[in-house]
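Notes for the one structure printed next.
Hydrogens, waters and symmetry mates play no part in the numbers below; they use all other heavy atoms, side chains included.
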Amino acid sequence: MPAINLLPLPGLLLLLSCNTMDPAEPGHLVPPTVTNDPSLDVLRLSSTELYFAEFGEPTKPPVFILEGGPGDDFTYLLDLDKIVNDRRLSDDYHLIYHDYRGCGLSRRHPTSELTLAHSLKDLEELIDHFAAGEQVILLGHSHGAVVATQYINEHPGRVRAAVLIEPGALSEKINRSLPSAGDVDLFGADVNRILWVKQLIGQGNHATADYFFGVARVNIDADNRGQSCPSANTRGGAAAAIAIAIGEVNDGDYDFTTNLADFDREVLFVSSDESDLGFAFQEAEQRHLFPTATHELIRGTGHNGLINCTTDTTVTLIRDYLARN
């Protein structure tokens with residue numbers, strides 16, 4: 001009698017459930033966005049709808065916290081509001097988080113509407129909504145620190161202070177100097193996966209594309225990112241990752257450094273010693289772009305570890321910097 005190969009239990013359960021669950025329905029593969037879930041906090045801008053969260057009193061100084069990626073959501077950055085020395089940042093500041101268009105729980109768009117220019121325009125409208133006429137504080141991690149710098153380069157007078165936690169390359173020229181430039185494959189070694197995900201996006205099937213993007217991110221080789229700590233994410237944005245990270249950053253032409261010499265406020269850089277975007281890179285390539293910059297090194301961690309592993313140290317550095325600015 002030939003051997004019978006049985007499906008593992010998870011696969012069997014998935015097979016049995018196919019008649020009762022349609023993966024294309026919102027919320028079955030990944031959490032629904034503001035387009036499909038009316039219970040979510042949504043900010044309607046001129047050309048998109050953003051999921052956002054705010055903590056602290058609106059009368060406090062506004063701090064806009066910008067996520068990495070592109071393709072991440074802001075969930076992992078909520079650690080920055082944990083209690084450190086008996087206080088939260090939101091006890092003293094009004095914290096505003098948002099998912100970029102095409103990312104997290106914000107509205108999905110075709111790749112033609114997912115650009116660095118759109119990221120800037122959305123941030124401009126967000127700041128005008130929550131802090132019209134005020135100077136603001138920008139706190140960005142990774143790609144979020146690039147978006148923060150993009151805003152500073154265009155609106156230096158609107159920014160009171162800026163915290164840049166291991167920003168990505170602030171210009172196309174600097175990006176070429178990264179040892180890993182052009183080598184990042186967000187979907188694994190098989191290029192056919194990228195082409196397949198592009199096809200899903202082209203068909204408007206963002207939920208399935210985001211699902212596979214999330215699976216791929218779990219499997220990304222993180223040897224150069226430092227210690228591993230829980231880094232919660234709600235839903236990635238495959239289309240944004242392809243359009244911006246691969247299209248504009250790796251293959252495009254951009255420069256957000258043209259007016260930085262005119263920014264006369266102190267900028268805080270925070271870096272690790274175990275990341276390709278860490279202290280050595282920031283010190284050699286980017287810190288000098290700002291006339292006044294303080295650069296703090298946190299040892300024994302990596303890129304996301306600065307947020308989710310050494311949170312107490314990072315928050316203390318941020319608090320001390322804000323106290324003097």
Side-chain angles (χ1 to χ4, degrees), residues 40-43 45 50-58 60-84 87-101 103-106 119-120 122-131 134-152 155 158-168 231-237 240 265 267-271 277 296 298 303-323 325:
L40 295 174
D41 290 323
V42 57
L43 182 64
L45 303 182
L50 302 181
Y51 174 60
F52 76 95
E54 55 182 325
F55 303 90
E57 295 297 325
K60 304 287 187 180
V63 180
F64 293 84
I65 301 181
L66 306 176
E67 68 204 39
D72 285 352
D73 59 79
F74 67 68
T75 310
Y76 77 104
L77 289 170
L78 295 175
D79 275 2
L80 294 177
D81 197 34
K82 67 178 288 190
I83 296 174
V84 177
R87 291 190 71 77
R88 300 180 185 272
L89 277 178
S90 58
D91 290 334
D92 302 298
Y93 301 93
H94 180 206
L95 308 186
I96 301 107
Y97 296 82
H98 78 285
D99 286 333
Y100 305 132
R101 63 168 63 204
C103 299
L105 302 184
S106 289
S119 297
L120 174 62
D122 293 344
L123 180 58
E124 289 170 338
E125 292 188 32
L126 188 82
I127 288 174
D128 287 343
H129 176 84
F130 284 103
E134 293 183 65
Q135 282 196 315
V136 301
I137 299 164
L138 300 178
L139 195 167
H141 171 245
S142 193
H143 178 70
V146 176
V147 176
T149 302
Q150 187 181 8
Y151 186 90
I152 294 169
H155 307 284
R158 290 294 307 277
V159 181
R160 162 186 158 184
V163 180
L164 306 180
I165 303 176
E166 285 197 357
S231 186
N233 289 103
T234 299
R235 175 174 174 175
R265 307 303 296 265
V267 174
L268 173 64
F269 279 76
V270 180
S271 300
L277 293 174
E296 298 286 355
I298 300 179
H303 193 59
N304 276 42
L306 291 167
I307 305 296
N308 305 118
C309 300
T310 61
T311 314
D312 288 15
T313 303
T314 300
V315 170
T316 298
L317 290 173
I318 292 169
R319 185 179 290 282
D320 290 346
Y321 162 75
L322 294 179
N325 285 279

Asp99 bridged to Arg235 by N-O distance under 4.0 Å: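 No, Asp99 and Arg235 are not salt-bridged.
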
Looking at Arg158 and Asp128, does any basic side-chain N land under 4.0 Å from a carboxylate oxygen?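 Salt bridge: yes.
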
Kindly compute the distance separating [atom1] ([X]) from [atom2] ([Y]), expressed to the nearest 0.5 Å.
X      : Y      : atom1 : atom2 : result
Ser90  : Lys60  : OG    : NZ    : 10.0 Å
Asn325 : Leu268 : CG    : CG    : 9.0 Å
Tyr97  : Glu67  : OH    : CD    : 11.5 Å
Thr310 : Ile298 : OG1   : CD1   : 4.0 Å
Leu139 : Ile165 : CG    : CD1   : 5.0 Å
Ile83  : Thr311 : CD1   : OG1   : 13.0 Å

[Y] backbone acceptor or donor facing [X] side chain under 3.5 Å:
X      : Y      : result
Tyr321 : Ala162 : yes
Tyr76  : Gly68  : yes
Asp122 : Leu45  : no

How close do [X] and [Y] get, counting heavy atoms only, and between which atoms?
X      : Y     : result
Gly236 : Asp73 : N-OD2, 4.4 Å
Ile96  : Pro62 : CD1-CB, 4.2 Å
Ala240 : Pro70 : O-CG, 4.0 Å

In this structure, are over 12 heavy atoms from other groups packed under 6.0 Å from Glu57 atom CD?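 Count not over threshold, so no.
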
Can you sort out the partners of Lys82 under side-chain hydrogen bond (donor to acceptor under 3.5 Å, both in side chains), two or more places apart, ordered by chain and number?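 Expected list: Asp312.
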
Identify, with sequence neighbours excluded, every residue that meets side-chain hydrogen bond (donor to acceptor under 3.5 Å, both in side chains) alongside Tyr93.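 None.
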
Can you confirm if the aromatic rings of Tyr151 and Phe64 lie within a centre distance of less than 6.0 Å?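 Ring centres of Tyr151 and Phe64 not closer than 6.0 Å.
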
Taking C-beta and beyond as the side chain, do [X] and [Y] meet within less than 4.5 Å on heavy atoms?
X      : Y      : result
His141 : Asn304 : yes
Pro167 : Phe269 : yes
Thr234 : Phe74  : no
Phe130 : His94  : yes
Leu66  : His98  : yes

Evaluate the criterion side-chain contact (heavy atoms from CB on, under 4.5 Å) for residue pair Ser106 and Leu50; output intermediate values, then yes/no. CA-CA 5 Å; Ser106 289; Leu50 302 181; 3.8 Å; yes

Do Ile127 and His155 pass the side-chain contact (heavy atoms from CB on, under 4.5 Å) test, and can you show the C-alpha distance, the side-chain angles, and the key distance before you say yes or no? CA-CA 11 Å; Ile127 288 174; His155 307 284; over 6 Å; no

Leu95 and side-chain contact (heavy atoms from CB on, under 4.5 Å): which single residue from Leu77, Leu80, Ile137, Asp81 fits?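 Exactly one pass, corresponding to Asp81.
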
Give the intermediate values and the outcome of side-chain contact (heavy atoms from CB on, under 4.5 Å) for residues Phe55 and Leu89. CA-CA 9 Å; Phe55 303 90; Leu89 277 178; over 6 Å; no

Exercise: do His303 and Ser142 side chains pair donor with acceptor under 3.5 Å: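 Their side chains do contain a donor-acceptor pair, which is all the 3.5 Å distance test asks for.
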
With a 3.5 Å cut-off and sequence neighbours excluded, list the donor-acceptor pairs that the side chains of residues 143-150 form with protein atoms.
from	atom 1	to	atom 2	distance (Å)
Thr149	OG1	Ala145	O	2.8
Gln150	NE2	Leu116	O	2.9

